[in-house]
Visitor: 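Input: one structure, supplied below.
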Protein chains: 6
Amino acid sequence: MLKVHTKGKPLSEDVNLDIIAKLTPGFSGADLANAVNEAAILSARRSKKKIGMPELQDAIERVQMGGPERRSRVMTEREKLLVAYHEAGHAIVAGGMPKSFPVQKVTIVPRGQAGGYTLYLPEEDSLRYTTVSQFEARLVSALGGRLAEEIVFGPSEVTTGASSDITYVTRIARAMVTRYGMSEKLGPIAFGEKEELIFLGREISEQRNYGDEVAREIDREVHRIVAEAYERTREILTTNRDVLNDMASSLLENETVDGERLRELMARVKPMKETETLANGNGSNEPPIVIAPPM
Amino acid sequence: MLKVHTKGKPLSEDVNLDIIAKLTPGFSGADLANAVNEAAILSARRSKKKIGMPELQDAIERVQMGGPERRSRVMTEREKLLVAYHEAGHAIVAGGMPKSFPVQKVTIVPRGQAGGYTLYLPEEDSLRYTTVSQFEARLVSALGGRLAEEIVFGPSEVTTGASSDITYVTRIARAMVTRYGMSEKLGPIAFGEKEELIFLGREISEQRNYGDEVAREIDREVHRIVAEAYERTREILTTNRDVLNDMASSLLENETVDGERLRELMARVKPMKETETLANGNGSNEPPIVIAPPM
Amino acid sequence: MLKVHTKGKPLSEDVNLDIIAKLTPGFSGADLANAVNEAAILSARRSKKKIGMPELQDAIERVQMGGPERRSRVMTEREKLLVAYHEAGHAIVAGGMPKSFPVQKVTIVPRGQAGGYTLYLPEEDSLRYTTVSQFEARLVSALGGRLAEEIVFGPSEVTTGASSDITYVTRIARAMVTRYGMSEKLGPIAFGEKEELIFLGREISEQRNYGDEVAREIDREVHRIVAEAYERTREILTTNRDVLNDMASSLLENETVDGERLRELMARVKPMKETETLANGNGSNEPPIVIAPPM
Amino acid sequence: MLKVHTKGKPLSEDVNLDIIAKLTPGFSGADLANAVNEAAILSARRSKKKIGMPELQDAIERVQMGGPERRSRVMTEREKLLVAYHEAGHAIVAGGMPKSFPVQKVTIVPRGQAGGYTLYLPEEDSLRYTTVSQFEARLVSALGGRLAEEIVFGPSEVTTGASSDITYVTRIARAMVTRYGMSEKLGPIAFGEKEELIFLGREISEQRNYGDEVAREIDREVHRIVAEAYERTREILTTNRDVLNDMASSLLENETVDGERLRELMARVKPMKETETLANGNGSNEPPIVIAPPM
Amino acid sequence: MLKVHTKGKPLSEDVNLDIIAKLTPGFSGADLANAVNEAAILSARRSKKKIGMPELQDAIERVQMGGPERRSRVMTEREKLLVAYHEAGHAIVAGGMPKSFPVQKVTIVPRGQAGGYTLYLPEEDSLRYTTVSQFEARLVSALGGRLAEEIVFGPSEVTTGASSDITYVTRIARAMVTRYGMSEKLGPIAFGEKEELIFLGREISEQRNYGDEVAREIDREVHRIVAEAYERTREILTTNRDVLNDMASSLLENETVDGERLRELMARVKPMKETETLANGNGSNEPPIVIAPPM
Amino acid sequence: MLKVHTKGKPLSEDVNLDIIAKLTPGFSGADLANAVNEAAILSARRSKKKIGMPELQDAIERVQMGGPERRSRVMTEREKLLVAYHEAGHAIVAGGMPKSFPVQKVTIVPRGQAGGYTLYLPEEDSLRYTTVSQFEARLVSALGGRLAEEIVFGPSEVTTGASSDITYVTRIARAMVTRYGMSEKLGPIAFGEKEELIFLGREISEQRNYGDEVAREIDREVHRIVAEAYERTREILTTNRDVLNDMASSLLENETVDGERLRELMARVKPMKETETLANGNGSNEPPIVIAPPM
């Protein structure tokens with residue numbers, strides 16, 4: 001598909017389409033065309049005759065996050081401090097969960113509606129089949145932002161910045177219980193018919209087809225799953241408080257942490273112990289990039 | 001109906017319309033026309049002057065699964081292993097239930113949205129009247145995929161791949177309780193009026209016309225039925241762990257298991273004991289092919 | 001009304017319009033016109049110059065059951081056995097209930113969507129006013145099909161074939177409780193406003209205007225009524241197991257049982273004892289034909 | 001208003017417009033025009049040159065009951081017996097309640113959808129303000145039909161013929177509790193907002209704006225009110241069983257009971273004792289005619 | 001605004017626009033124009049060349065009550081007695097509550113749909129801010145009609161005439177609890193989102209956004225508030241039974257009570273004791289007229 | 001954005017666009033254009049050739065409050081007293097909460113629908129991220145108006161004037177619990193899917209996707225949060241009763257309190273003690289103006 005959209009565009013020699021493909025999992029054709037056009041415009045602005053690799057990478061993040069970097073947006077010192085610890089929290093916790101996607105980049109440069117964000121590298125096959133342990137790793141990492149705020153600034157200073165993380169966590173936990181049979185208590189049963197209402201043009205979020213007792217059990221299981229994930233998040237963050245501080249400092253200093261500096265910091269994170277599972281290796285060396293819910 | 005759609009098409013001598021009819025239970029006229037056209041195209045591609053039997057069979061599966069084989073789709077080793085055990089689970093468990101449809105083919109070649117699938121041969125009359133024991137066999141076989149994952153990879157490594165199996169199981173169990181009077185506790189009573197809303201152009205999934213107490217009883221009966229089926233699934237899979245491994249290996253090696261190899265493997269499955277019933281023989285020798293919910 | 005629709009049509013001398021009128025209770029003008037036209041076509045096919053009585057009777061059943069006889073539909077032996085016992089169950093149980101409509105014909109020749117059906121002769125006045133005991137007789141007879149399956153083939157071999165019987169039974173029992181004040185516990189009160197929604201063009205199945213406690217009582221009363229009817233059905237069928245077997249055999253042998261053979265079999269059915277009621281005689285000698293919910 | 005609609009119509013000398021006005025409470029202008037036209041047609045059929053009083057009276061009943069007398073409709077003996085006792089039940093019970101409207105006419109001649117009906121003479125002012133005791137009298141009289149069936153034919157022979165009585169009784173009892181503050185337990189509070197939905201063009205039956213506890217109390221109060229009315233109905237009917245039988249006989253013999261014969265029968269009814277109330281006299285000598293819910 | 005609508009109309013010298021302004025609180029421009037036109041017509045009928053003050057006052061009441069006086073409407077003696085005590089009840093109870101609006105006029109002359117009505121003089125500022133004690137006074141006065149019926153005619157003779165009072169009382173009590181935080185138990189929290197549904201063109205009566213427990217507490221608080229108001233109403237009416245009788249007699253004799261006679265009667269009413277509040281005086285001497293919910 | 005809307009407009013030299021920007025947080029382009037136009041009109045009325053700073057400030061408040069000052073609106077003395085204490089309550093309580101926005105201006109000059117209002121100066125970053133302690137400060141300040149009424153005039157004299165404060169408080173407390181995970185009991189989970197219904201053109205207030213137990217917990221947490229905030233409000237107001245009185249007096253005397261007089265009064269307010277938090281300083285010296293929900 002990528003070849004279709006780059007056809008006739010002058011590409012720099014350093015552009016590797018295989019890497020671009022891995023950077024754009026879940027992109028539609030329109031997304032790809034959009035990204036290639038953005039890259040062409042960026043290259044022109046930078047007086048390049050051909051579309052370069054840095055321009056393509058920037059254009060891809062721009063499409064993913066819903067807008068360009070907004071370095072002009074003035075952030076107060078307090079905001080920067082908050083966002084730095086929030087994003088560092090996501091990254092450190094991901095580093096502590098063996099089944100988490102590796103972290104690729106952490107930044108407090110605003111982009112779109114987000115004040116900062118963390119980029120993950122998902123394993124290719126997890127896009128088709130996700131395991132219980134992978135879901136747990138996502139839950140824990142998504143909760144890392146809020147918990148970093150709580151640990152660093154105190155419970156009365158946590159912010160509304162975690163609101164999309166909370167929505168994301170809720171959706172995963174509910175889906176585990178109601179769609180994927182991942183709650184032993186409720187069993188391999190689907191709860192709630194998805195109804196695509198024609199006159200609305202899209203899916204309504206679920207048609208409840210069960211009684212109050214089951215509703216209560218679902219709520220309790222969702223609560224239990226999130227609460228257990230929160231405890232793990234706390235365990236990892238308190239164990240790795242020093243790395244958290246160092247990454248936040250690094251973000252305040254450099255705005256973005258990636259490459260060697262990121263590898264050094266992540267290498268210092270002490271991971272959670274986990275029960276061994278059979279299929280935890282995979283051969284893909286350069287997995288595509290996926291983005292966590294932005295703050 | 002088949003004769004109408006093949007009229008004027010050059011058919012190879014090996015094409016047996018009776019067999020084709022049995023391969024296409026539940027096909028609409030449009031489905032049939034679609035399949036014949038696909039077969040014509042496939043035959044042309046293979047430089048055949050007439051439509052051959054293999055092309056017809058391939059075209060029928062293509063229509064059933066919503067698309068062609070996708071050998072080009074790259075699957076990681078971990079995915080192949082997962083799908084192999086999942087599909088082998090369906091097949092082995094079907095083999096252990098006397099009232100199950102016989103298994104015809106198991107494959108890990110992706111097709112449409114599915115990463116692999118298992119083909120069953122339904123008995124002709126079960127399309128009109130289904131018994132409690134046949135429903136149980138379908139429940140048990142549908143749960144075989146998820147349980148194989150659990151037994152082989154451990155509870156924390158089960159995947160979202162069972163999601164359509166879970167939907168299928170839930171629908172059968174609810175229908176047994178609410179439409180077919182197959183729960184002794186709730187009796188021969190229908191629960192929930194099906195409402196075809198005109199302004200939506202189709203049926204809405206049920207109009208609840210009962211109180212909370214009945215809602216709770218329905219939920220409990222559905223849970224009981226699925227839980228009992230799950231226990232049977234576990235019993236069959238643990239009893240036949242060696243055949244499960246062998247079928248998964250065979251799938252990893254050959255991608256598809258059918259014919260003689262399939263018969264050999266299925267013959268080794270130790271079946272569940274069941275109470276004898278009066279009407280368990282039927283005269284149809286070559287029943288049509290039906291497909292289990294794909295993974 | 002009948003005279004309007006037969007005007008100008010050549011009728012055979014054996015056609016008795018009074019009998020036809022009794023054969024078509026509940027027919028609309030369009031239904032009647034439809035039946036007369038069907039009869040004309042059937043007569044023409046049979047090279048008759050006038051519309052005969054047999055053609056009219058066949059056309060009427062065709063309109064009632066939603067289609068012609070489908071002798072070409074291949075049924076397996078197991079299906080025939082199942083349908084024969086199911087329909088025999090309806091008929092035997094009707095014979096055991098004094099307030100039931102007399103049975104006119106039992107058949108396992110498929111028609112429309114049905115694999116077989118039982119024809120009843122309703123008393124004329126019951127079309128306007130139905131008594132508690134007549135409702136009970138209808139419930140018991142409707143349950144006869146399912147219970148015959150259970151008794152003959154065992155509980156795990158009952159089928160989905162009873163699904164329309166179950167819907168029918170539920171509607172009667174709910175109406176007794178919620179519309180006709182026939183539950184002493186709930187009293188002469190109507191529950192649920194029928195709402196005809198204009199934008200849907202038809203009635204929605206009820207607007208709940210009562211609390212959870214009443215909802216529970218309604219559910220329990222419906223359950224009690226159906227459960228008691230089921231017990232009566234069981235009593236009649238076990239008492240008359242031999243006649244059940246003989247009628248099923250007769251159906252397997254002749255496909256249809258009516259006339260003298262039916263009278264002989266029904267005469268052997270031992271009826272339930274019932275309390276005497278005042279008004280149980282009526283003067284109509286040839287009541288119209290009504291059809292039970294088909295299997 | 002009446003004068004407008006009779007202007008230019010030749011009226012017989014015996015026509016008294018004041019009486020006609022009292023016969024048509026609640027008539028719209030269209031209803032009146034309709035009745036006058038019907039009377040003109042009836043008079044013409046009877047070769048009268050002017051519209052007579054009997055034709056006007058017949059036309060008014062025709063408009064009220066939704067159609068002409070249907071003497072041609074064949075009723076079985078059992079139906080006649082049933083309707084005679086049902087209507088006699090309404091009349092006798094009305095006679096036993098001091099606050100009931102006086103009965104004007106009882107008939108088993110079918111009209112519109114009804115198999116028979118009872119005409120009452122409402123007091124003029126009750127059209128604007130209705131008291132608790134008047135509501136009770138209406139409840140008791142409406143229940144007289146069903147209870148007469150039960151007493152005469154036995155509980156298992158009561159019919160669906162009381163269905164509109166039951167709806168009527170439910171609406172009165174609910175309105176007493178939820179609109180008119182006539183339940184001491186629930187107090188002078190309105191429950192449920194009436195919502196006139198514009199896109200439906202009419203009122204939806206109520207928007208529930210209270211919790212489960214209140215819903216339960218409303219249900220219990222409605223049940224209590226109807227149950228107490230039913231006990232009064234039973235008391236009056238068993239006390240006056242002989243008059244009930246005589247009125248039913250008279251109906252079977254003459255089809256209609258009114259005038260002197262009605263006065264004689266009603267004079268024999270022993271009334272319920274009631275607490276004296278201040279305002280139970282009224283000066284209107286010839287009140288207009290109102291019709292009870294027909295059977 | 002008033003000046004705009006009277007511009008170019010010949011006004012009598014006795015017309016005082018300041019008084020008219022106070023007589024029309026809550027009037028829209030259209031209401032005002034309507035009233036002025038009505039007054040012009042009335043004056044013309046009475047052969048006045050200029051619009052007089054009595055015509056303006058009559059026209060204003062006409063607009064408020066939805067129609068002209070209907071002296072021609074025949075009321076029975078019993079109706080007059082009922083309405084006289086009902087309206088006297090409203091007035092006497094208002095007189096007994098210090099925070100009530102003063103009563104301006106009581107009448108049993110029918111107007112619009114009402115059989116009689118009571119006019120209050122609201123304090124100007126209460127149109128913007130209403131206190132708990134003012135709400136209580138309105139509740140008590142609105143309940144005065146029903147309770148007068150109960151005390152005078154007995155509990156079984158209360159009528160449907162209080163139905164709009166009951167709706168009014170319910171709305172105030174619910175608003176105190178759910179919108180204005182005037183229930184200590186539920187606190188300063190709003191319950192139920194008001195939703196203006198666009199496709200209906202207007203507000204739907206509330207979107208419930210709370211659980212069953214809160215629903216129950218709201219119902220109980222509403223019940224408590226109304227029950228306490230009812231007790232106060234009873235206390236005032238039984239204490240002032242003699243004034244109630246005298247005002248009812250006066251109404252039966254003169255149809256309307258106002259001016260000096262009203263002042264005399266109201267002066268005899270013994271008021272409820274109340275706790276002193278800071279801000280219970282106001283400087284407005286001639287407050288505008290407001291109308292209680294008519295009977 | 002501001003530069004776009006002032007382009008081509010003659011601005012006085014005292015106009016500082018940076019200050020205007022801070023005065024208009026949350027303004028849309030249309031709001032800005034509206035304010036600039038209003039300022040131009042005001043300047044023209046005051047015979048100024050250029051748009052001045054006072055005119056711009058007035059125009060901005062006019063847009064925020066939905067209309068111009070309404071000095072012509074006659075308020076009774078009682079109303080003025082009420083509004084003065086209500087607004088003083090908001091201001092004093094804000095002064096007692098360290099995390100509250102500083103108060104900029106308090107006035108009892110009516111504007112739009114409001115009888116008076118209080119202007120706050122929000123910290124710039126709080127527009128993006130709000131902390132628990134900032135939400136608490138808003139809750140407490142919003143409740144200051146109602147509680148001032150209660151303390152000064154007594155519980156039975158509190159008014160409907162707090163109705164928009166109550167709505168505001170409810171929305172914040174519910175959002176803390178259901179969107180921002182700020183209730184420890186319910187955890188970092190989102191409750192209720194926001195549904196934007198296309199056929200309504202806007203968001204419906206929430207799709208409940210949880211059971212009764214969670215609904216009850218949400219209600220209880222909302223109640224607890226508001227109740228605790230109310231206690232703090234009470235504590236601050238009773239501690240600072242003298243300042244409350246002085247500010248109310250000042251408002252009655254001067255209608256508006258700001259500048260030096262406001263600073264003097266606020267300096268006398270004794271604040272609540274709070275736990276120290278890390279990030280409670282910020283560098284912005286002239287934060288933009290935000291307006292509390294008007295009375």
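Chain letters run A, B, ... following the sequence lines, proteins first, then strands; residues in each count from 1. No experiment lies behind these values; they were computed from the predicted model shown.
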Visitor: Could you list the residues that satisfy salt bridge (charged side-chain N to carboxylate O under 4.0 Å, His left out) with C:E235, not counting sequence neighbours?
Guide: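 Here no residue qualifies.
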Visitor: Check the angle between the aromatic planes of C:F135 and C:Y180 and answer parallel, tilted or perpendicular using the 30° and 60° thresholds.
Guide: parallel
Visitor: Salt bridge (charged side-chain N to carboxylate O under 4.0 Å, His left out) with D:R241: which residues, sequence neighbours excluded?
Guide: none
Visitor: Is there any residue in residues 215-227 of chain D with a non-hydrogen atom under 4.5 Å from a non-hydrogen atom of chain C, and which ones are they?
Guide: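 From residues 215-227 of chain D, the residues near chain C are D:A215, D:R216, D:D219, D:R220, D:V222, D:H223, D:V226.
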Visitor: Decide whether C:Y120 and C:S141 meet the rule of one side-chain donor and one side-chain acceptor closer than 3.5 Å.
Guide: yes
Visitor: Can you sort out the partners of C:D14 under salt bridge (charged side-chain N to carboxylate O under 4.0 Å, His left out), two or more places apart, ordered by chain and number?
Guide: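 For C:D14, no residue satisfies salt bridge (charged side-chain N to carboxylate O under 4.0 Å, His left out) once neighbours in sequence are set aside.
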Visitor: What do the steps show when you test D:K80 against D:E255 for salt bridge (Lys or Arg N to Asp or Glu O under 4.0 Å), and what is the final call?
Guide: CA-CA 9 Å; D:K80 281 182 191 167; D:E255 291 195 321; 5.5 Å; no
